Visitor: 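Have a look at this one.
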Amino acid sequence: MASPPRRLLLKMSGEALASKSANEVLDPDIVNRFASELAHAVEGLGIELGVVIGGGNIWRGDRGAGESIERSASDTMGMLATVINALALQDAIEKEGRATRVMTAIPMDEVAEPYIRRRAVRHLEKGRIIILAAGMGNPYFTTDTSAALRAAELGAGMLLKGTHSGVDGVYSSDPRTDPSAVRYAKLSFMDLVNRDLKVMDLTAITFCRDNDLAVLVFDMSTPGNLAGALAGEEIGTLIR
Ligand code: UDP
């Protein structure tokens, strides 16, 4: 096991927080499990952790866009959805005894702190988990791209992209339907583009490549995997 970089940025998709049946957009048992794994990993490994949280369990901008809702408004709804998830995660992590701060890219003073890079760094240095919500504050982007941006500006050693598909990493084809599918332990950003592997959106991939930011894609839905990824275990697929 390689020792993990000291500062890490985790991207959690919103759908990871939903119940399997998706009857509940936020499943308290799942949120509590993630909170416990995050709090214990930060404590045990002495790492600094930022979390960018998605909102797809509640709303995605492209869902209503072009039909009934104007795209910018729909994207704003998606960004607000990430704030709901962030508050749920904060509550659960604080119940584990670890201080957290929610910071939003859209100012909402009564709810959370605004995202200010220097302040975010200070929280990290003090051992607080920061949960970054509302993406970048701009429509037409995703939280994957937001996570890449925050990882770069906060000087994270790696971006951890947690998925919830049950598929551990990037495969040559879908292992759920193709038994001959093989998992790639390592890939380059150009491999992703050339093989049209759908790991993150192209904007995020390009940003990571241009800024030399390594990305670990792994499955968070398996208990223990989140802690393993934070600890630098060789799971998932490393893209660099
Ligand atoms: N979003 C946005 N700008 C951002 C980040 C997110 O407009 O900087 C919107 C976008 O509509 C997106 C939604 O917020 O669909 C929820 O984020 P995302 O789909 O990335 O969540 P995830 O799939 O990770 O749960």
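Just so you know, ligand 1 is whichever comes first in the structure, and atom 1 is the first atom listed for that ligand. Throughout, residue positions are numbered sequentially from 1 according to the sequence presented. None of these values were measured; they are calculated from a predicted model.
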Visitor: When only distance counts, is Gly135 in polar contact with ligand 1, meaning an N/O pair under 3.5 Å?
Guide: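 There is no such contact.
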Visitor: Mind checking the OG1-CD1 spacing from Thr82 to Ile106? Nearest 0.5 Å is all I need.
Guide: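 So the OG1 of Thr82 and the CD1 of Ile106 are separated by 7.5 Å.
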Visitor: Check this for me - ligand 1, Trp59, N or O atoms closer than 3.5 angstrom, yes or no?
Guide: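 N/O-N/O distance under 3.5 Å: no.
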Visitor: Looking only at protein heavy atoms, which one is nearest to atom 20 (O) of ligand 1, and how far off is it?
Guide: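 That would be Thr143 OG1, 2.5 Å.
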Visitor: As an exercise, identify every atom of ligand 1 less than 4.0 angstrom from a heavy atom of Lys11.
Guide: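 Those atoms are 24 (O).
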Visitor: For atom 9 (C) of ligand 1, what's the nearest protein heavy atom and its distance?
Guide: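 Here the nearest protein heavy atom works out to Asp75 O, 3.4 Å.
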Visitor: Are Arg7 and Val121 packed together at the side-chain level, in the sense that at least one heavy-atom pair is separated by less than 4.5 angstrom?
Guide: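 Yes, close enough: below the 4.5 Å cut-off.
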Visitor: I need the atoms of ligand 1 closer than 4.0 Å to a non-hydrogen atom of Ser13, numbered in the order shown.
Guide: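 So the atoms of ligand 1 that pass are 24 (O), 25 (O).
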Visitor: Against ligand 1, does Met77 come closer than 4.0 Å with any heavy atom?
Guide: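 The answer is no, since Met77 has no heavy atom less than 4.0 Å from ligand 1.
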Visitor: Can you pull out the closest protein heavy atom to atom 8 (O) of ligand 1? Residue, atom name and distance to 0.1 Å, please.
Guide: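 Residue, atom and distance for the closest contact: Met136 N, 2.8 Å.
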Visitor: Can a salt bridge be assigned to the pair Arg71 and Asp75 using a cut-off of 4.0 Å between side-chain N and carboxylate O?
Guide: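 A salt bridge links Arg71 with Asp75.
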Visitor: For a quick test of reading the model, state the closest non-hydrogen atom pair linking Gly162 to Leu10 and the distance between them.
Guide: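 Heavy atoms only, the tightest pair is N-CD1, 4.4 Å.
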Visitor: Would you check the N or O atoms of Gly61, main chain and side chain alike, for any that come under 3.5 Å of an N or O of ligand 1?
Guide: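 Yes, there is a polar N/O contact under 3.5 Å.
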Visitor: Say whether Asn138, considering both its backbone and side-chain N or O atoms, lies within less than 3.5 Å of an N or O atom on ligand 1.
Guide: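 The answer is yes, given that Asn138 and ligand 1 share an N or O pair closer than 3.5 Å.
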Visitor: Taking side-chain hydrogen bond (donor to acceptor under 3.5 Å, both in side chains) as the test, write out the residues that go with Thr142, two or more places apart.
Guide: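 With sequence neighbours excluded, Thr142 shows a side-chain hydrogen bond (donor to acceptor under 3.5 Å, both in side chains) to Thr145, Asp201, given in chain and number order.
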Visitor: To check you understand the geometry: which heavy-atom pair defines the closest contact between Ala151 and Leu159, and what is its length?
Guide: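 Nearest heavy atoms, Ala151 then Leu159: CB-CB, 4.4 Å.
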Visitor: Give a yes or no on whether Val167 and Val170 share a hydrophobic cluster (residues Ile, Leu, Val, Met, Phe, Trp, Tyr; joining criterion: side-chain heavy atoms under 4.5 Å apart).
Guide: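 As far as the 4.5 Å side-chain criterion goes, Val170 and Val167 are not connected within one cluster.
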Visitor: Hey, is ligand 1 close enough to Thr82 that some N/O pair sits below 3.5 Å?
Guide: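 N/O-N/O distance below 3.5 Å does not exist for this pair.
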Visitor: Between Glu37 and Met220, is any pair of side-chain heavy atoms under 4.5 Å apart?
Guide: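 The answer is no, as the side chains (C-beta and beyond) never meet within the 4.5 Å cut-off.
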Visitor: So, regarding Ala134 and ligand 1 (criterion: nitrogen or oxygen to nitrogen or oxygen, under 3.5 Å), is there a contact or not?
Guide: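 There is no such contact.
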Visitor: Assess whether a salt bridge exists between Arg176 and Asp174, defined as any Lys/Arg side-chain N lying under 4.0 Å from an Asp/Glu carboxylate O.
Guide: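 A salt bridge links Arg176 with Asp174.
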Visitor: Taking the side chain as every heavy atom from C-beta outward, state whether Phe218 and Asp168 have any atom pair closer than 4.5 Å.
Guide: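 In short, these two side chains touch, coming nearer than 4.5 Å.
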Visitor: Which ligand 1 atoms, with their elements, are less than 4.0 angstrom from a heavy-atom of Gly56?
Guide: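 With Gly56 as reference, the close atoms of ligand 1 come out as 21 (O), 22 (P), 25 (O).
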Visitor: As an exercise, identify every atom of ligand 1 less than 4.0 angstrom from a heavy atom of Gly54.
Guide: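 Listed by number with element, the hits are 21 (O), 22 (P), 24 (O), 25 (O).
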Visitor: Could you check whether any side-chain heavy atom of Ile84 comes within less than 4.5 Å of a side-chain heavy atom of Leu26, counting everything from C-beta outward?
Guide: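 Yes; the side chains approach each other to less than 4.5 Å.
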Visitor: Under 3.5 Å between some N or O of ligand 1 and some N or O of Pro139?
Guide: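 No, there is no polar N/O contact under 3.5 Å.
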Visitor: Is it the case that ligand 1 has an N or O less than 3.5 angstrom from some N or O of Met12?
Guide: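 No; every N/O pair is 3.5 Å or more apart.
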Visitor: With a cutoff of 4.0 Å, is Ala81 in contact with ligand 1, counting heavy atoms of the residue only?
Guide: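 Contact absent.
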Visitor: Quick check on contacts: which atoms of ligand 1 are under 4.0 angstrom from a heavy atom of Ser146?
Guide: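 Those of ligand 1 that fall under 4.0 Å from Ser146 are 4 (C), 5 (C), 8 (O).
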